[in-house]
Amino acid sequence: MEFVNPEGLRLDGRRATEMRQFRAEIGVVSRADGSAVFEMGNTKVIAAVYGPREVQNKSQQINDKAVVRCEYSMANFSTGDRMRKPKGDRRSTEISLVIRQTMEACILTNLMPRSQIDIFVQVLQADGGTRSACINAATLALADAGIPMRDLVTSCSAGYLNSTALLDLNYVEDSAGGPDVTVGFLPKLDKVTLLQMDAKLPQDTFKNVMELAIEGCKAVANYIRDILMENTKRLECRRGV
Amino acid sequence: MRGEVEIPLNKTQKLRLERALEKLESISSKANLSDASVTVADEISVNYEDGVLQGHGTSEMNGRLVATVCGVVERVNRLVYVRALRSRYKPETGDIIVGRVIEVAPKRWKVEINFSQDAVLMLSSMNLPDGIQRRRTAVDELNMRSIFEENDVVCAEVRGFQHDGSLHLQARSQKYGKLDKGQLLKIPPYLVKKRKQHFHHLNDYGVDLILGCNGFIWIGEHVAAVDDMVVDQIIKSEQPDSKAGDSVNSDEQEQSYTSLDIRQNICRMANAVRVLSSLGFMVTMEAIVEIVKLSNSKKFDIHDMLGAEFYVVVAEEEATRRSSSSKKR
């Protein structure tokens, strides 16, 4: 199958290094401490953060830092064919773990001893790159909840199809079976906190693909920063003196 | 801000709301409020020669000061800190808070106060109902549920952090204690400003208002300053003795009856707080009373106060109020 046509356009009309359109909204769940919706093209994810709050299961309590928990789920209506999977399937357990580790790396957990932070992410529409979208939504929700963080983690995926590196794969490209590199990145610290790939790729090509994904992460970071800044300014000016 | 998504506005209301909010924004941008806003990992410009004290919400990265939360940079002499908006409550000693009892443990109550851990109210750090100063005995410990039970709403003062990092409360005054006959509202704590007075008795409405620093707001029927705990205790101790328990009960019911207009006042106030917090405006006693008066003068029903129209009216009112107060300056 041809994923990049001779003019250099992809199936959905993007260039190889073009991202899908983002949209983010903060404060969508009124009961949560922080919440956000993040969209990348047709992928739509909602995240809610509760905490820092009292540890529910006392045996998990850590005396000098906070416990971070994460739950990833996909809404039944999120994919093309309506699926009825049990909640704790392998895929979602794995993604929960990935998101938890990525977020834990940037939260300053030592400032909130003996507490727990719960992150709930749910995929509302799945069109490839749900992992990345979940991490971006979780970052926004954590920032909204006022939880101290080293840096904003942002994430983006990149792939390699028809011997071209492609940024931000959608579902069709994702399921083509080529390599899919998901990167989690701390833009200010210039560090990678997550790197996943489930295929083989020559080393020099991998370097290009990863750099492309990092560029994507930086673009997401700029957008997220703008959204947060706007939100902070609005809250402050509404509050008044 | 949170309400915007939920409340369906029609076209004119949307326009009016936008105009009012724009006005508010222009006022605050004149006052240079929004310049100091930062988001996570933004650099804070400081003069390093003077020496800097890193406060909350900041950390050092590669020799530079960066923010770790979204908020507003505040500077007090050499101290630089970021005041986070929309975060959980950070207790400070002496704060007046409203909380909910979630557990009765040996010699202590666990109270939920919107902090990262539950606060502890020791039996020894509160006045006994009989008002006598004495050592707490095992009998007192057994009778703890007669003072506070699970799910009771209580008002107390932050005593401070213990060595082990737990937060302790105290209630050593008549004004603290159990709250009943009213409504508890939870709003983001950044909307409550610390002031001298957090207890308000609104005579015109017959209502008590407690603005807890932790964002829990209590609106209840006014209780006179007499120690009603003593009265409770007497009734309870009498009950087993008196054979005519029914008559006592009916007396109690009569006492606990709240008149309709006070109930309506409580609801009106509660809705005023809801509107203010969903718009993200500062919640003070004056603001609440103003909104209540506004709703009365414009003849809004209590249930209409949560509707789109009143929402817009409040935003407009706030815009005109702030613009007039900024002109005075």
Side-chain angles (χ1 to χ4, degrees), chain A residues 25-35 37 50-55 61 63-64 66 106-108 111-117 139-140 142-153 186-190 221 224-241, chain B residues 1-6 21 24-29 31 33-43 56-59 61-62 66-72 82-88 102 110 112 114-118 164-166 186 188 190-191 193 278-282 318 322 325-326:
Chain A
E25 201 179 322
I26 294 177
V28 287
V29 183
S30 56
R31 294 292 301 272
D33 288 297
S35 58
V37 164
Y50 294 84
R53 60 180 177 187
E54 184 82 11
V55 184
Q61 180 169 304
N63 256 329
D64 55 349
C106 76
I107 298 173
L108 298 165
L111 294 181
M112 296 158 283
R114 273 169 298 147
S115 57
Q116 99 176 14
I117 298 167
T139 308
L140 273 170
L142 283 170
D144 181 37
I147 291 170
M149 292 193 284
R150 278 186 194 89
D151 198 354
L152 296 168
V153 209
L186 299 173
K188 278 280 161 77
L189 294 166
D190 207 29
I224 284 186
R225 200 167 291 276
D226 289 348
I227 289 283
L228 284 176
M229 197 64 185
E230 191 191 317
N231 186 53
T232 314
K233 278 188 178 164
R234 185 176 52 199
L235 286 181
E236 177 61 14
C237 95
R238 287 276 187 90
R239 179 173 175 263
V241 200
Chain B
M1 173 223 147
R2 251 121 241 278
E4 267 168 42
V5 201
E6 295 149 34
L21 295 178
L24 282 176
E25 245 162 70
S26 69
I27 294 163
S28 57
S29 64
L33 271 177
S34 48
D35 280 4
S37 303
V38 284
T39 64
V40 176
D42 274 358
E43 200 179 306
H56 286 297
T58 64
S59 79
M61 190 166 75
N62 305 328
V66 293
T68 57
V69 290
C70 297
V72 184
V82 180
R83 176 164 52 81
L85 302 166
R86 277 203 46 76
S87 67
R88 287 215 161 199
I102 54 165
K110 289 263 177 84
E112 212 275 306
N114 195 26
F115 178 49
S116 64
Q117 24 177 308
D118 294 329
D164 59 347
S166 61
K186 298 179 182 179
Y190 78 96
L191 294 175
K193 201 174 194 174
S278 72
L279 275 163
F281 295 154
M282 189 77 106
E318 181 76 6
R322 281 197 206 168
S325 67
S326 67

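No hydrogens, no waters, no symmetry mates; every other heavy atom, side chains included, goes into these values. Just so we're on the same page: letters track the sequence lines, and every chain starts at 1.
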**Request:** Could you tell me which non-hydrogen atom of A:Leu108 sits nearest to which non-hydrogen atom of A:Met112, and how far apart they are?
**Result:**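 Taking A:Leu108 first and A:Met112 second, the nearest heavy atoms are O-CE, 3.3 Å.
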
**Prompt:** At their closest point, which heavy atom of A:Glu236 faces which heavy atom of B:Arg83, and how far apart are they?
**Reply:** OE2-NH2, 3.5 Å

Looking at [options], which one has more heavy-atom pairs under 4.5 Å with chain A than the rest?
| options | answer |
| --- | --- |
| B:Val38, B:Asn114, B:Leu85 | B:Leu85 |
| B:Val69, B:Leu191, B:Val66, B:Thr39 | B:Thr39 |
| B:Ser59, B:Gly57, B:Gly165, B:Ala67 | B:Gly165 |

By a 4.5 Å heavy-atom criterion (distance strictly below it), what part of [X] contacts chain B: side chain, backbone, both, or neither?
| X | result |
| --- | --- |
| A:Leu228 | both |
| A:Met149 | both |
| A:Arg150 | backbone |

**Asked** With only heavy atoms counted, which part of B:Asp42 is less than 4.5 Å from chain A, the side chain, the backbone, both or neither?
**Response** both

**Asked** Is it the side chain or the backbone of B:Tyr190 that comes within 4.5 Å of chain A heavy atoms, both, or neither?
**Response**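 Both backbone and side chain.
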
So which residue, [options], ends up with the most heavy-atom pairs under 4.5 Å with chain B?
| options | answer |
| --- | --- |
| A:Ile117, A:Val55, A:Leu152, A:Thr139 | A:Leu152 |
| A:Pro113, A:Pro148, A:Ser115, A:Ala143 | A:Pro148 |
| A:Pro187, A:Gly51, A:Cys106 | A:Gly51 |

Is there a donor-acceptor pair closer than 3.5 Å between any side-chain N or O of [X] and the backbone N or O of [Y]?
| X | Y | value |
| --- | --- | --- |
| B:Arg86 | A:Asp33 | yes |
| A:Asp151 | A:Leu189 | yes |
| B:Lys110 | B:Asp118 | no |

**Prompt:** Is any side-chain heavy atom of B:Arg88 closer than 4.5 Å to a side-chain heavy atom of A:Arg53?
**Reply:** yes

**Request:** Please tell me if the side chains of A:Ile147 and B:Ser87 come closer than 4.5 Å, counting only heavy atoms from C-beta onward.
**Result:**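 No; the side chains remain at least 4.5 Å from each other.
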
**Message:** Between B:Phe281 and A:Arg238, is the side-chain contact (heavy atoms from CB on, under 4.5 Å) condition met? List the steps.
**Reply:** CA-CA 6 Å; B:Phe281 295 154; A:Arg238 287 276 187 90; 3.9 Å; yes

